[in-house]
Amino acid sequence: MSIQSTPKQSWWNRIAHPGQFVAWSAPWLWPLAVLTALLFAMGLWLAFIDSPQDYQMGHTVRIMYVHVPNAWLSQFVYGVMALSALGTLVWRHPMADVSMKAAAPLGALFTALALFTGALWGRPTWGTFWEWDGRMTSTLVLLFIYLGIIALWRAFDDQLRAARIVAVFTLVGAINIPIIKFSVDWWSTLHQPASVFRADGPRMPPSILAPLFVMFAAFTLLFLALHLKSMHTEIKRRRIATLQRKAAQGHTA
Amino acid sequence: MIELGPHAAFIIWAYLGVALAVAGLVGWTLLDARRTARKLALLETRRARK
Amino acid sequence: MSGFVAMLRRELALSWRGGGNVLTLVLFFVITGAIVPFAVGPDKPLLARIAPAIIWIAAFLAMLLGLDRLFRPDHEDGSLILLRQADLPLSAVIAAKVISYWLVSALPLILASPLLAVLLGMDLPAFARTLVSLLLGTPALAAFGAIGAATSVTIRHGGLIAPILIAPLSIPVLIFGVGTITAAQSSAAPLFLAALSLMAMALAPFAAALAISLAED
């Protein structure tokens, strides 16, 4: 388990060993957490005190600073999962399984938060909590896919086998998400005139962009920190399962 | 207190909801980590004793 | 190729022998469609307006519910292991299974859909478009379904997992399927639907074969 006794390897191979991975990545955790907290403090200060209200939306523009980062994470986390799925299927990298499993609940929560803040933003600006417009609808479908993946993980006893099957399904989903997005856009323009407010319409001044970018960075680092921590937990959980299996075999033998 | 206009409730609820969810997520992650680590330590010592 | 035909014939013979299954699925489809008026009320114009949606939802649910018997019987009696060792690639075996699944579950639904059309008071042109959309769209449902059934085949109580996984992925099929019926002015929907079906039929056997061979190792 110690690093000194192992021969020199590339970092890619070194982190394939669970113990090595924890040893390699644990020092990152605290700096990551501190940086995340600092960025959140700075982002909140910018969002509430140092940014003007929008000439169209007034103060509700401040909801954007939590809404857009969550919406970005809902897709970014799926990207992380799809990359990890490739890692599982193509390179059989043991840490890719763990990364995939740890990311799924985080992605589901960020997607749910994107919908929640979107609804609270939609009420004052559009006059309704829920609008069946393309973006919100495809985010809802994405949430269903996340929940399905979590259900699939929980349905298996053997986590190694589960990883490969979830990886196949995650990649199928990754191919499908652009199709879903396209079809939902087609559907919503068919059913309603494009009269709803578009976030990409007006050019944003730097005073609004600054808090947005800081919050972006804060939420992304938050995800990375939580992802790393839950990967460590998942590694320990697998070690527990192995030990328990060994103990059970020892008793029967 | 800063002025938030006529829709202050929505803004506050949005931030409050996100803060609660993120706090819950961080708390759950740490709790899960601690619980799993304790269980692993228990199993390791039991194995070492044998 | 002869292996493929033999596989197709085996699948059809098996589902023909257990003919009760086909009949149950058709009954489920008709009853689901016929139950909606009780929830909506006997409002004929409204029913005629939402009839395409009702028919598609009923077909969607019927196809999803039938998924479990796509691979599970073969997994349980061990013939899936034998099929994996056959000369025929597993993806071709699965393609044969998907085609036969479409023949024994989607085709009877399409044949039964006139009954629902009459009950829901659809006019003839709308019904013709419904037939076209079902013919074009159900292959995609069968193909997506094969992926869902393949991922959940080794789960002991996996019957409900496959529909949960597949329903979000099938939303485009539903959108373009209903779009084919309602949006007469837009001719793009049937093309998108056909493209989806072709793509799904071409790619799903490989994904499902991968999932099955990874699951059984």
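Keep in mind that what you see is a predicted model, and the values were worked out from it rather than measured. Order of the sequence lines fixes the chain letters, A, B, ..., with proteins taken first and strands second; residue numbering starts at 1 for each chain.
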Under 4.5 Å from a heavy atom of chain B, the part of [X] involved:
X         : result
Ala47(A)  : side chain
Leu113(A) : side chain
Ile240(A) : both

Inset, instruction - Let me know if Leu42(B) has heavy atoms under 4.5 Å from chain A in its side chain, its backbone, both or neither. - result: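 Nothing of Leu42(B), per the 4.5 Å heavy-atom cut-off to chain A.
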
Inset, instruction - Verify the neighbour count for atom CH2 of Trp13(B): are there more than 12 heavy atoms of other residues, nucleotides or ligands below 6.0 Å? - result: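 Counting other residues, nucleotides and ligands, CH2 of Trp13(B) stays at 12 neighbours or fewer.
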
Inset, instruction - To the nearest 0.5 Å, tell me how far Leu106(A) CG sits from Leu25(B) CG. - result: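 Here the rounded value is 5.5 Å.
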
Legend entry - From CZ (Phe129(A)) to CZ (Phe10(B)), nearest 0.5 Å: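 One finds 5.0 Å between CZ of Phe129(A) and CZ of Phe10(B).
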
Legend entry - Top contributor to chain A contacts, counting heavy-atom pairs under 4.5 Å, from Arg34(B), Arg35(B), Lys39(B):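 If we count pairs closer than 4.5 Å to chain A, Lys39(B) comes out on top.
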
Legend entry - Among Leu43(B), Val26(B), Leu30(B), Leu40(B), residue most engaged with chain A (heavy-atom pairs, under 4.5 Å):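 Top option by heavy-atom pairs under 4.5 Å: Leu40(B).
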
Inset, instruction - Check step by step if ring pair (Phe, Tyr, Trp, His ring centres under 6.0 Å) holds for Tyr65(A) and Tyr15(B). - result: CA-CA 9 Å; Tyr65(A) 307 135; Tyr15(B) 276 84; 7.8 Å; no

Inset, instruction - Report the option among Thr117(A), Leu222(A), Val66(A) that has the most heavy-atom pairs separated by less than 4.5 Å from atoms of chain B. - result: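 Sorted descending by pairs with chain B, the first entry is Val66(A).
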
Inset, instruction - State whether Lys229(A) and Asp32(B) are salt-bridged, where the test is any N-O pair (Lys NZ or Arg NE/NH1/NH2 against Asp/Glu carboxylate O) under 4.0 Å. - result: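 Looking at Asp32(B) together with Lys229(A), the answer is no, because their closest N to O distance does not fall below 4.0 Å.
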
Legend entry - Shortest non-hydrogen contact between Ala14(B) and Ile63(A), atoms and distance: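 Minimum heavy-atom separation between Ala14(B) and Ile63(A): CB-CG2, 4.0 Å.
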
Legend entry - Residue pair Leu109(A) / Ala21(B): nearest heavy atoms and the distance that separates them: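 The answer is CD2-O, 4.1 Å.
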
Inset, instruction - Kindly indicate, with the supporting measurements, whether the criterion side chain to side chain contact (heavy atoms under 4.5 Å, CB included) is fulfilled by Ile11(B) and Trp121(A). - result: CA-CA 8 Å; Ile11(B) 303 170; Trp121(A) 195 16; over 6 Å; no

